[in-house]
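All values below were derived from every heavy atom in this structure, side-chain atoms included, with hydrogens, water molecules and symmetry-related copies excluded.
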Amino acid sequence: MIARLRAEARLLPVLAAIVIVFGIAAATNATFAQAGTYAAIYATAAIGLSILLGNVNQISVGQAGFFGIGAYSVAYCTAILGWPFWPAALLGVALAALCGVAVGFIALRFRGHYLAMATLAFGLIAVGVFHEWSALGGAAGIANIPYARLGSISLSGYAGYWFAWIAALGIAVVSLNLLRGRTGRAFETIRNDELAAEMVGVPTRRYKVIAFAYAGALAGLAGALYASVLGIVVPDAVGIALSVDFLLMVVLGGSGGVCGALLGAALIGFLDIAGHQYANWREVAYGALVIGVVIAAPGGIMGLVRRTGPFKPSAPDGAAELPRDTPQAATRAVSHVAPVSAPHAVPLDVRGVTKRFGGLVAVDDVSFALQPGTLTSLIGPNGAGKTTLFNLICGVGAVTNGSVFIGGRDVSGRRPHRIAALGVGRTFQNARLFGEMTVLENVMAGAFRAERAERAVRERARATLDRLGLSRVAATYAKDLAFGDRRRVELARAVAADPWLLLVDEPAAGLNASERATLNDDLLRLRDAGTTLLLIEHDMRLVMAISERVIVLEFGRVIADGDAAAVRNDPAVIAAYLGTSTS
């Protein structure tokens, strides 16, 4: 991710230079100037959709609705109410952003093609309102919209070209900085694995709504520019066909980031105007372009650009060096984040927790409490309810009965990111790393709730990798890791925020003897540093070697709870789990 965005930062000045050269050349060609102006307006809207689709994995087929809100706000306020352009444009952007928030909340209930249909419905509603509301001119729309002015300069005609591109390139810079910071990391984790993102403390719902609001605001700004430059707005111009055009721009240019949106918008905007005499062949040409891109360049134009010359990422994302960690940063990384409760509070207190799935009781009236700085193992046969109990503790699903207290606070019913914010870390039975991010970026994501400044996050992540001996794979994409390294990287991500309670689910599964010995040392070091650990594990040698306490589940109920030696010799445990009859 980091290297990809760095490549975009190198390309952006080149695109700006092309805009300047094209603008100078188009000074005597009104058609080319108009085509360039429309390309800039469309690019502003396409950037928002590119981020929504490529960085947050949320599709929208209703961006024309936001575009229309911005356009009609400027048209009504300037042509009918007599407002200046700038407050009218600000109102349009604000209204579009608010509608983006509303659509974002609706989108939280949908995925895949259902999400596409929901956003399409918004676009249809918007154009229907524009058509039928007489105050907005009905089917005839609003004409005689005054041009925007900057002092005595009218931002129309050739001046409109520079006005539109300054706005588009400014938005591109702002958006690129957004993606390179904390918000961009949150977006990337959501795109890779939404549940894992919640587990590291990312409020996924909030950031999805932010993405929809941002995309809506940019589309609204584009609509405001469109109304001012064209001087007329009609409902048919902001219909579903325009939403499809925005999607074409993003797909052809390459979703994710900003440069692909600029390239795709420039292509479609230019073809729309320069090829106006071939309008009847428009759908055929665009369809052929999409098919060609899907077959030959799935990453769009930007994907092809990234494979060449100075715009090719020089190393996998996250490999680039920043100044090495200072001793202060390393110390901060290994010290605990101050817990929200008093240090003597019970880290975890499970009280009578039951979980039913219909008629199946997966967890049945389980109660136990963990003392600070201890390592407890939770064992039992497959299907005993161990992972389900972990999920309930972490907020993945609601308890049917009972309560879970963390640090003295009842967290029953809280979302996973809120529980993570209390100082809880978690690994999964099947490692859920962010595959399209490097190891360093995965661990940086783990520090999401611990640090805000990018430099501090990177220093903390590097210190964590150094501490666990994983610096050698810092620049490797998580999807390319060996199995043993995947397990340890997930552990590194979980401890990057220095949780005071860490839930570890079958970390030794699939590891060889050497890797298990390393894991043993890692867990003991974490416990000795003051972390309270709850471990699910089937490797009895590991469990008996490192556990101060062992809790045994069978069919969702606790059948034994005590020190390792007592549990190992418990007849009920031997019969239920160890597989040796006591008769």
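By the 4.5 Å heavy-atom criterion applied to side chains, Leu115 and Gln58 are counted as neighbours. Between Leu526 and Leu502, the closest side-chain pair of non-hydrogen atoms falls below 4.5 Å. Counting only heavy atoms from C-beta outward, the side chains of Met302 and Glu8 approach each other to under 4.5 Å. The shortest distance between side-chain heavy atoms of Thr189 and Asn192 does not fall below 4.5 Å. Side-chain contact check for Leu534 versus Phe390: some heavy-atom pair is nearer than 4.5 Å. With a 4.5 Å cut-off on side-chain heavy atoms, His538 and Lys386 count as touching. Asp539 places none of its side-chain heavy atoms less than 4.5 Å from the side chain of Met544. In this structure, the side chains of Val200 and Arg449 stay at 4.5 Å or more apart for every pair of heavy atoms.
Side-chain contact check for Ser377 and Glu537: no donor-acceptor pair (N or O, by modelled atom type) lies under 3.5 Å. Using a 3.5 Å distance cut-off with no hydrogens or angles, the side chains of Ser514 and Asn512 do not pair a donor with an acceptor.
For Thr518, the side chain to side chain contact (heavy atoms under 4.5 Å, CB included) partners are Arg488, Asp522, not counting sequence neighbours.
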Is there a side-chain hydrogen bond (donor to acceptor under 3.5 Å, both in side chains) between Thr183 and Tyr214? Walk through the geometry before answering.
CA-CA 12 Å; Thr183 298; Tyr214 189 68; over 6 Å; no
Kindly indicate, with the supporting measurements, whether the criterion salt bridge (charged side-chain N to carboxylate O under 4.0 Å, His left out) is fulfilled by Arg568 and Asp570.
CA-CA 6 Å; Arg568 180 174 52 202; Asp570 189 306; over 6 Å; no
Which is it for Glu459 and Arg455 under the salt bridge (charged side-chain N to carboxylate O under 4.0 Å, His left out) test, yes or no, and what are the steps along the way?
CA-CA 6 Å; Glu459 288 174 344; Arg455 185 183 182 89; 3.4 Å; yes
So Glu548 and Thr374, side-chain hydrogen bond (donor to acceptor under 3.5 Å, both in side chains) or not? Walk me through it.
CA-CA 7 Å; Glu548 299 158 80; Thr374 58; 5.3 Å; no
Between Asn391 and Arg426, is a side-chain hydrogen bond (donor to acceptor under 3.5 Å, both in side chains) present by the stated rule, with each step listed?
CA-CA 10 Å; Asn391 288 341; Arg426 191 250 173 101; 3.0 Å; yes
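Seen from the ring of Phe434, Arg185 does not count as a face-on cation partner, given the 6.0 Å and 45° thresholds. The side-chain tip of Arg432 points at the ring of Phe428 from less than 6.0 angstrom away and within 45° of straight on.
Within a 6.0 Å sphere centred on CZ of Phe405, other residues, nucleotides and ligands contribute more than 12 heavy atoms. Within a 6.0 Å sphere centred on CZ of Arg516, other residues, nucleotides and ligands contribute more than 12 heavy atoms. For Phe105, the CZ atom is loosely surrounded, since the number of other residues' heavy atoms within 6.0 Å does not exceed 12. Residue Arg525 qualifies as enclosed at atom CZ: its count of foreign heavy atoms under 6.0 Å is above 12. Within 6.0 Å of the CZ atom in Arg418, the count of heavy atoms belonging to other residues, nucleotides or ligands does not exceed 12.
Across all their heavy atoms, Cys259 and Leu11 have their closest contact at CB-CD2, 3.8 Å. Here the closest non-hydrogen pair linking Val411 and Ile393 is CG2-O, 4.3 Å. Counting all heavy atoms, side chain and backbone alike, Ile190 lies closest to Ala197 at N-CB, 4.2 Å. Closest of all the heavy-atom pairs between Ala492 and Thr464 is O-CG2, 3.6 Å. Nearest heavy atoms, Val457 versus Ala447: CG1-CB, 4.4 Å. Among all heavy-atom pairs drawn from Tyr207 and Phe448, the shortest one is OH-CZ, 3.6 Å.
Between Asp485 and Arg472, at least one side-chain nitrogen of the basic residue sits less than 4.0 Å from a carboxylate oxygen of the acidic one, meeting the salt-bridge criterion. Using a cut-off of 4.0 Å between Lys/Arg side-chain N and Asp/Glu carboxylate O, Arg356 and Asp364 are scored as not salt-bridged. Between Lys208 and Glu194, at least one side-chain nitrogen of the basic residue sits less than 4.0 Å from a carboxylate oxygen of the acidic one, meeting the salt-bridge criterion. Between Lys479 and Glu436 there is a salt bridge, since at least one side-chain N of the basic residue sits less than 4.0 Å from a carboxylate O of the acidic one. With respect to the salt-bridge test (charged N to carboxylate O, under 4.0 angstrom), the residues Arg4 and Glu188 qualify.
With hydrogens and angles ignored, the 3.5 Å screen pairs no side-chain donor or acceptor of Ser403 with any backbone N or O of Arg351. In terms of modelled atom types and a separation under 3.5 Å, the side chain of Asn569 and the main chain of Ala565 share a donor-acceptor contact. Under a 3.5 Å cut-off, the side chain of Thr119 and the backbone N or O of Ala116 do form a donor-acceptor pair. A donor-acceptor contact shorter than 3.5 Å links the side chain of Trp500 to the backbone of Leu422. A distance-only check finds no donor-acceptor pair linking the side chain of Ser255 to the backbone of Ser50 [under 3.5 Å]. Under a 3.5 Å cut-off, the side chain of Thr354 and the backbone N or O of Asp365 do form a donor-acceptor pair. A donor-acceptor distance shorter than 3.5 angstrom exists from the side chain of Arg460 to the backbone of Ala496, with no hydrogens or angles considered. The backbone N or O of His417 sits less than 3.5 Å from a side-chain atom of Glu198, completing a donor-acceptor pair.
The distance from the CG atom of Leu440 to the OG1 atom of Thr476 is 11.0 Å, given to the nearest 0.5 Å.
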